[in-house]
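Okay, structure first, notes after.
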Amino acid sequence: MKASVGNHVLELRDGDITEMDTDAIVNAANAQLVLGGGVAGAIRRKGGPTIQAECNKIGGASVGGAAITTAGNLKAKHVIHAVGPRMGEGNEDEKLKNATLNSLKLADENNLKSISFPAISTGIFGFPIKRCAEIMLKTTIEHLKSETGLEKVVFCLFGHDSYEVFADRLERETSE
Ligand code: AR6
């Protein structure tokens with residue numbers, strides 16, 4: 001599914017984010033920037049050891065923050081490591097919004113034209129997918145309406161159910 005926001009494209013895909021050839025893919029990271037399971041595990045396995053080595057040099061990021069590395073053997077050129085909230089730690093909605101926004105800002109600062117996001121925090125960190133779709137899509141649409149060099153933002157969802165939740169929300173957000 002594709003939608004337009006001004007001259008920008010917002011696209012939803014069902015698949016593995018490590019296969020995306022956008023300038024950057026976003027990792028659902030932790031504050032230590034240690035690549036564990038889920039999206040991070042797939043990035044670690046397919047991208048090779050340089051990504052973790054770069055993360056180690058950076059050392060960590062705050063919850064709601066983001067950091068950028070190269071992407072090793074992946075098709076994308078960069079990995080943006082977005083630290084989403086762990087459900088139950090408090091102020092989760094704001095932190096997820098900030099993780100999304102800081103990733104988009106980091107993409108702009110690095111003159112990237114395209115970026116792919118996963119549904120941050122909705123796996124191991126336990127954040128509800130519906131709320132995630134609303135927060136991440138609203139934040140992205142708002143950013144695409146502001147001054148940005150990003151031409152395309154993709155949400156790469158893992159499985160039909162997650163895709164449908166995002167598709168439903170995107171339809172509502174773009175018909176308002
Ligand atoms: N491509 C796209 N989406 C995926 C993929 C994939 N290859 N694999 C999983 N998902 P998660 P979190 C979906 O657990 O909840 C790690 O240990 C998944 O179905 O990757 O933010 C990190 O190192 C879910 O909808 O991230 C952190 O410690 C979404 O991506 C912690 O997990 C996010 O799931 C982060 O947990």
Side-chain angles (χ1 to χ4, degrees), residues 1 10-69 71-76 78-104 106 114-137 139-140 152-170:
M1 176 182 177
L10 212 170
E11 187 178 342
L12 305 185
R13 300 277 289 261
D14 176 354
D16 179 353
I17 197 165
T18 60
E19 293 298 322
M20 297 300 300
D21 63 0
T22 42
D23 290 344
I25 64 169
V26 174
N27 175 28
N30 54 41
Q32 295 72 37
L33 300 182
V34 173
L35 300 162
V39 172
I43 289 174
R44 178 167 42 80
R45 284 189 298 275
K46 274 198 200 162
T50 56
I51 303 171
Q52 183 64 66
E54 285 182 53
C55 283
N56 293 346
K57 273 190 197 152
I58 297 166
S62 58
V63 182
I68 190 166
T69 65
N73 305 324
L74 297 174
K75 291 176 187 166
H78 302 273
V79 177
I80 291 179
H81 303 266
V83 185
R86 200 184 286 267
M87 210 51 202
E89 70 181 20
N91 209 13
E92 294 93 351
D93 290 8
E94 187 69 19
K95 289 171 178 169
L96 182 60
K97 181 182 175 173
N98 288 339
T100 308
L101 187 57
N102 284 321
S103 299
L104 293 164
L106 205 46
S114 57
I115 183 171
S116 299
F117 279 99
I120 296 172
S121 287
T122 63
I124 292 162
F125 280 178
F127 195 90
I129 185 93
K130 261 191 174 175
R131 235 158 93 195
C132 171
E134 180 178 353
I135 291 167
M136 290 193 74
L137 287 172
T139 306
T140 300
K152 185 168 79 164
V153 179
V154 180
F155 283 85
C156 185
L157 292 322
F158 211 43
H160 185 71
D161 290 356
S162 300
Y163 180 90
E164 283 302 319
V165 172
F166 269 72
D168 186 53
R169 189 74 227 180
L170 182 57

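Each ligand, and each atom within it, is numbered from 1 in the order the structure gives. Just so it is clear, the values below take in all heavy atoms, side chains as well, and ignore hydrogens, waters and symmetry mates.
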Task: Sub-3.5 Å N/O-N/O distance, Gly37 and ligand 1 - done: yes
- [ ] Would you mind listing which atoms of ligand 1 come within a distance below 4.0 Å of any non-hydrogen atom of Gly15?
- [x] 1 (N), 2 (C)
- [ ] Would you check if the side chain of Asp21 reaches a backbone N or O of Lys75 as a donor-acceptor pair within less than 3.5 Å?
- [x] no
- [ ] State the atoms of ligand 1, each with its element, that fall below the 4.0 Å cut-off from a heavy-atom position in Gly38.
- [x] 8 (N), 20 (O)
- [ ] Could you tell me whether a side-chain N or O of Glu92 sits under 3.5 Å from a main-chain N or O of Gly88, the two making a donor and an acceptor?
- [x] yes
Open item on the list: Considering non-hydrogen atoms of the protein only, which is the closest contact for atom 23 (O) of ligand 1, and what is the distance?
Closed with: Gly36 N, 2.9 Å
- [ ] With heavy atoms of Ala40 as the reference, note each atom of ligand 1 found under 4.0 Å away.
- [x] 22 (C), 23 (O)
Open item on the list: Quick check: Gly123 and ligand 1, any N/O pair under 3.5 Å apart?
Closed with: yes
Open item on the list: Whether the His78 and Thr69 side chains hold a donor-acceptor pair (N or O, under 3.5 Å, no angle test) is what I'd like checked.
Closed with: no
TODO: Enumerate the atoms of ligand 1 whose separation from the nearest heavy atom of Val34 is less than 4.0 angstrom.
DONE: 23 (O)
Task: Polar contact flag for Gly126 and ligand 1 (N/O pairs, less than 3.5 Å) - done: no
Open item on the list: Please verify the inter-ring angle class for Phe155 with Phe166; under 30° counts as parallel, over 60° as perpendicular, anything in between as tilted.
Closed with: tilted
Task: Nearest-0.5 Å distance that lies between atom CE in Met1 and atom CD in Glu11 - done: 11.0 Å
Task: Side chain Thr139, main chain Thr100, donor-acceptor under 3.5 Å - done: no
Open item on the list: With nothing but distance in play, are any N or O atoms of Leu157 less than 3.5 Å from an N or O of ligand 1?
Closed with: no
Open item on the list: Other residues, nucleotides and ligands only: do more than 12 of their heavy atoms fall within 6.0 Å of CZ on Arg131?
Closed with: yes
Task: Distance from atom 13 (C) of ligand 1 to nearest protein heavy atom, with residue and atom - done: Phe158 CB, 3.7 Å
Task: Test item: Leu12 and Leu170 side chains (from C-beta on) under 4.5 Å apart, heavy atoms - done: yes
Open item on the list: Treating Asn102 as the side-chain partner and Ala82 as the backbone partner, does any N or O pair qualify as donor plus acceptor under 3.5 Å?
Closed with: no
TODO: May I ask you to check whether Phe125 has an N/O atom sitting below 3.5 Å from an N/O atom of ligand 1?
DONE: yes
Open item on the list: Could you measure the distance from the CG atom of Asn91 to the CG atom of Asn98? Nearest 0.5 Å is fine.
Closed with: 8.5 Å
Open item on the list: Check this for me - ligand 1, Leu35, N or O atoms closer than 3.5 angstrom, yes or no?
Closed with: no
Task: Protein heavy atom at shortest distance from atom 21 (O) of ligand 1 - done: Ser121 N, 2.8 Å
Open item on the list: To check your reading of the model: name the closest protein heavy atom to atom 32 (O) of ligand 1, its residue, and the distance in Å.
Closed with: Ile124 CD1, 3.3 Å
- [ ] List the closest protein heavy-atom neighbour of atom 29 (C) of ligand 1: residue, atom name, distance to the nearest 0.1 Å.
- [x] Ala119 O, 3.2 Å
Task: Atoms in ligand 1 flagged as close to Asp16, the criterion being non-hydrogen separation under 4.0 Å - done: 1 (N), 6 (C), 7 (N)
Open item on the list: Counting C-beta onward and ignoring hydrogens, is there a side-chain heavy-atom pair between Cys55 and His81 closer than 4.5 Å?
Closed with: yes
TODO: Name the closest protein heavy atom to atom 30 (O) of ligand 1, giving the residue it belongs to and the distance to 0.1 Å.
DONE: Val39 CG2, 3.4 Å
TODO: Do me a favour and list the nearest non-hydrogen protein atom to atom 28 (O) of ligand 1 with residue, atom name and distance?
DONE: Asn30 ND2, 2.9 Å
Task: Salt bridge Asp16-Lys46, side-chain N to carboxylate O under 4.0 Å - done: yes
Task: Contact (N/O only, under 3.5 Å) between Thr122 and ligand 1 - done: yes
Open item on the list: I need the nearest protein heavy-atom contact for atom 26 (O) of ligand 1: residue, atom name and distance, please.
Closed with: Ala28 CB, 3.3 Å
Task: N or O pair under 3.5 Å between Ile17 and ligand 1 - done: yes
